[in-house]
Trainee: 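The structure under discussion is supplied below as structure tokens; questions concerning it will follow.
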Amino acid sequence: MRPEYVQEAHETGTNVCRPLYRALGERGLVERAVHALGAGDPIECWILLSELDYAATPHDALGMAISAAAVIERAGTDEQKALMLPGLLAGESLVCFGLTEPDVGSDLAGIATRARLEGDEWVIDGAKMWTTMAHVADWVMLLARSDPSAPPYQGFTFFVFPTSVPGFSFDPIWTMSTERSNATYFDGVRIGREYVLGAEQQGWRTLSIMLGFERGMGNTGFGVPVLRRAVDWAEASGAIDEPLVRDALARLAVDNEVAKLLTQRTVSLAQEGGNAQAIAGSLAKIFSTENYQKSASELQALAAPTSLLGFGAAGAAGGGYLDYDARHSVPQTLQGGTSEINRNNIAERGLGLPRAR
Amino acid sequence: MDVRYPAEAEEFRAEVRAFLAEHLPEGWPGMGALDREEAEAFAITWRKTLHEHGFLGIAWPRKYGGGGRTKLEQVVLAEELARARVPFGRATDTTSVKIMGNTLLRWGSEEQKQHFLPRIISGEDIWVQGFSEPDAGSDLANLKLVAHREGDSWVLNGQKIWTSRAQEGNWIFVLARTDPEAPRHRGISFLLVPLDSPGVDVRPIRVLTGQDEFCEVFFTDVRIPAGNVLGGEHNGWMVAMSGLGVERGEEAAINPILFRAEFDRIVELAREHGVADDPVVRDRLAWCYTKVETMRFLGYRILTQYLRDGELGPVASISKLYWSEYHQVAVDLALAIMGADALVREGRHPFRHFRTDEPGAPNSSNSWIDVFLLNARSGTVYAGTSQVQRNIISETILGLPKEPRG
Amino acid sequence: MPFDLALDASQEAVADLFARFFATECPPDVVRASEPLGFSPTLWDRLTALGAPGIGAPEDTGGGGATMVDLALVAEAVGSSVAPVPIIEHMVAARAYPEPAIVDGTTLAAVALHPARDGTWAMVPGGAVVHVVIGLDGDDLVAVHADPPGVALPNHADAPVADRSTTGRRLVLGDITDFERILTEWKTLVAASLAGLARHALQLGTEYAKERIQFGRPIGGFQAVQHGLADCVPLVEGATLLSRKAAWAIDAGRHGELAWAENDVHDPAALATMAFSFASEAAALTTKRSLQYHGSYGFSREYDVQLYYRRARGWPLVLRSPASGQHLPTSSGRGVRPTWTSPSPTASRLRRGPCRHPRRDASGVRAGGARDGDQRVPSAVPRAR
């Protein structure tokens, strides 16, 4: 891990670090994480990702590749495994996910992207939104409506195919959170039936496997580098002696410990799967992302005004990290399931309250 | 925008101040400095003094025993009384004068007004409110107390709950279902019931502080004259929802004064506990101060809108949500300042159970503990829970779609 | 198994046993009947019959040799039923001073949380009813045998808190290090009890939200209520896990492992303080929400949620110094060991010492809160031998 890798990620807004991924792949660490995840015992995956988290590496793309590989390992055909897994496990190839759309966020069952079978080919038309990594990915995983007349949660098909197919394109979307995402377009994309992941018309099931894996991966360690950087700033600036700063740091330390325990619990429940793990995942996600947001903005306020300055600006508090975290934390309560959807999940599936919708 | 009062209001303010200077003892510390009996005795005498000077029911017409003043003058009076740390009447007058009196003024027949209003002003009649029922809280229209006609009488059967100070009243106004066939909000009437009627049974409820000021009121074949209905048969929902305009305007003006007085007590508390220099405490105090100041300007906005338009509308929900949620944070700070002292009960208890303890109250732990357990805590429940206020704000002010209801 | 957040079979057995015990022996009526003193001699006798008082004392003293994790599970059950017995204080005392009568529970014992001032330990939890108080007096950790006052300082948690004198039959048990260990154990177990309390309060609120019909549907079907309750779940789970981890860390004895920069904290004193702080806030918020969704009923003494609401604030307050009371790393930096300090006992009540005699406050009203009447220990309380 070298500082210039981090700098590159910051400059491009793309949390990718291929040299690091390759090095991890060479040591067999990616493969172990994928196997652990696929086997429903994601402890090694969690250890890898949380260490990458704590070390503040650009690991977003690797996490996506790991979850994609685990889904392929679970639901893919032998041919798909042979085609895709070697590159993914070596840390060479990257994946993007085409799930949400311009008009569809939390309610994925309402997607408009269509897939229709013509002879032995699927033809895909539609647009996806927030397809992060599309500009660097080798593969795209896509959820499409393949039978518009089917009942809810049926009539979807899940695809995985190369981003090099004709008819696939993207536009960058630059965000206030410093990250670059993409809008992606599928204009008459034609692919063979061998690119269907899982059974045709059973795409919701493949999606559920993937979402289940993601809950078990425990990407909840945001607060740890924040605390470290904030302490660095506080010591360098002398603010470490201010009670308000100490109060905020102490709270963050406690919250980090709880986020870790909630995540460990999710991971240790993964073998049981089902409801308990789904709820545990929602808890850990809400707790860690909301506290990340809260502490990042609180620390930015405490370190003002130089906390408004970003990377590269002279005199920026924490070398620009206080600004970075305050912005980077914002979309975390949206992506991967909004806090509101997670609260619904906890209330209805965890507490057994009646459905609100 | 101009937040100054008109000149005539300021003249009236001077008049009120002169009156207060004349009638209050020098160095008057506020009701909070008296013990319970002294405070009750003072309130009775003080009410009489206010009455004699036309300051009770100040904006009511003189022919009903009121002061014949303007709404703006009523607000100025309320402000000055709050600043001087004196009540506007007795504890029961919140329901009697403010709620029942104003509802009568708006909906009563001439005969009803001439009969009831002077008796309220004189203190001969004390009214209590019977709205909530066990199954009708936030969903008040779900009420089940029934009244049916038998000859020249209404016959009431059912129950009310959370009636404040029912033991002290002699009349209760109730919302009763008089047409079970009509849609929920249409078949309700606003009925007037003497509390000494046969078949009325008042039972106090003990709450978590040990107080028993709130009551259940049971009605078993209670008969009242057919004329004891306000605002017309089956029109009770409109009557109940209408009133309170000027009272809410008045509240908007005096809440910042009450909460400012309470805030000053918290600052004093921080000094007493030697933590006024603690940066974390100062940070939280500054937050509270900012909230109270904002409350003042929010109050002005509500007040001026009321004086201009003559009605308040959903903006009252903002005010209610604002002060009740603020209050819980402020009292949490008071408890944090006291630390372990906030566990041990000592000293004077508050004798009002809505909003703040009386201005001038000593910083006894009992004052803060009771306010924490009851006044502040129940503030987000009574008169429309915070959840209901947020629904009103989102649906009425923001124009969001209605939440699905059963 | 090195990584397992689930309880093992014997821990499950302890948790089940005490959950069932308190559910059977300590329904809310028992809690109400014990107010305002906050002590049920019958419940204590039954705990004694179960062997609970000495469960954590070493086996060679006749105790149960249970781990701190086991005791945390007992504490969760205590909190879950807001049981009117000073069992947490007693279990901690029995580990520090495993005298036979304490181990078998015939003599009740408790720990003073604040160093003695002018011959008095202020606000000893359980102090109203115990015969032995263990606390810091100067540089010594001492045990003092004396009759309890039988009167609690009037308090809104209806807890048997009292000021205790340092005079009586004394025995020196150790020094300030031993006292800090006791404090760590107490904080850990109270954190666990607050986690149990919060869990039960959440359950009360959830059940009520399912039953209470307004606008033609259960109020739990409205997202405003759903989300308010859902917010409490991570807090309850977090408080449970963190207090169990603190207990586990005491058993494991990994003192000084404070790699917070790598999110790898194992030091028992640090974890206990973190757990205490987190669980206090979790219990305060959870009981507040639960009470709110009970509407006006939550305020009525007939409803159970107010029992939880009052204790959620009251139990941790005995340790609280005024103001922030936060727990701050006093030095920091990677590789440097932060010292985690507990709040300094500077609350005015603790500073000015005991308040035995009613004072007069500014209003001339007699202080001392005799409103609830005298709070006498029933004669059934066992006497020290």
Trainee: Give the member of A/Asn344, A/Asp255, A/Ile279, A/Ile286 that has the highest number of heavy-atom pairs under 4.5 Å with chain C.
Mentor: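 Option with the greatest count: A/Asn344.
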
Trainee: State, with a plain yes or no, whether a side-chain heavy atom of C/Glu262 is found less than 4.5 Å away from one of A/Val224.
Mentor: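 Result no, sub-4.5 Å side-chain heavy-atom pair not found.
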
Trainee: For atom CZ of A/Arg349, is the number of surrounding heavy atoms from other residues, nucleotides or ligands below 6.0 Å larger than 12?
Mentor: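 Correct, the count exceeds 12.
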
Trainee: Identify the two heavy atoms, one from A/Ala347 and one from C/Ala230, that lie closest to each other, and give their separation to 0.1 Å.
Mentor: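 In terms of heavy atoms, the two residues are closest at N-CB, 4.2 Å.
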
Trainee: Which distance, rounded to the nearest 0.5 Å, do you find between the CZ of A/Arg251 and the CE of C/Met274?
Mentor: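 Atom-to-atom, A/Arg251:CZ and C/Met274:CE are 12.5 Å apart.
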
Trainee: Is any side-chain heavy atom of A/Asn256 closer than 4.5 Å to one of C/Val265?
Mentor: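 The answer is no, as the side chains (C-beta and beyond) never meet within the 4.5 Å cut-off.
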
Trainee: CG of A/Asn342 to CG of C/Asp231: how many Å apart, nearest 0.5 Å?
Mentor: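 So the CG of A/Asn342 and the CG of C/Asp231 are separated by 11.5 Å.
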
Trainee: So what's closer than 4.5 Å to chain C heavy atoms on A/Glu290: side chain, backbone, both or neither?
Mentor: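 A/Glu290 has no heavy atom closer than 4.5 Å to chain C.
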
Trainee: Closest approach of C/Gly238 and A/Val258, non-hydrogen atoms and distance?
Mentor: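 Smallest heavy-atom distance, with atoms named: CA-CG1, 3.6 Å.
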
Trainee: Between A/Leu227 and C/Asn263, does the side chain to side chain contact (heavy atoms under 4.5 Å, CB included) criterion hold? Intermediate values first, please.
Mentor: CA-CA 10 Å; A/Leu227 177 61; C/Asn263 212 18; over 6 Å; no

Trainee: Using 0.5 Å steps for rounding, measure from the NE2 atom of C/His227 to the CG atom of A/Leu353.
Mentor: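 If I round to the nearest 0.5 Å, the distance is 10.0 Å.
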
Trainee: Is the backbone N or O of A/Leu261 less than 3.5 Å from a side-chain atom of C/Lys245, with the two atoms forming a donor-acceptor pair by type?
Mentor: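 No, because the side chain of C/Lys245 does not come within donor-acceptor range (under 3.5 Å) of the backbone of A/Leu261.
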
Trainee: Under 4.5 Å between any side-chain heavy atoms of C/Asp264 and A/Tyr54, yes or no?
Mentor: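 No, their side chains stay 4.5 Å or more apart.
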
Trainee: For a side chain to side chain contact (heavy atoms under 4.5 Å, CB included) check, start with the C-alpha distance between A/Glu257 and C/Leu271, then their side-chain angles and the critical distance, and finish with the verdict.
Mentor: CA-CA 9 Å; A/Glu257 184 62 35; C/Leu271 285 167; 4.1 Å; yes

Trainee: Can you find a pair of side-chain heavy atoms, one from C/Leu202 and one from A/Leu351, that are under 4.5 Å apart?
Mentor: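 C/Leu202 reaches A/Leu351 side chain to side chain.
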
Trainee: Looking at every non-hydrogen atom in both residues, tell me the closest pair between A/Ala356 and C/Gln226 and how far apart they are.
Mentor: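 It is CB-OE1, 3.7 Å.
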
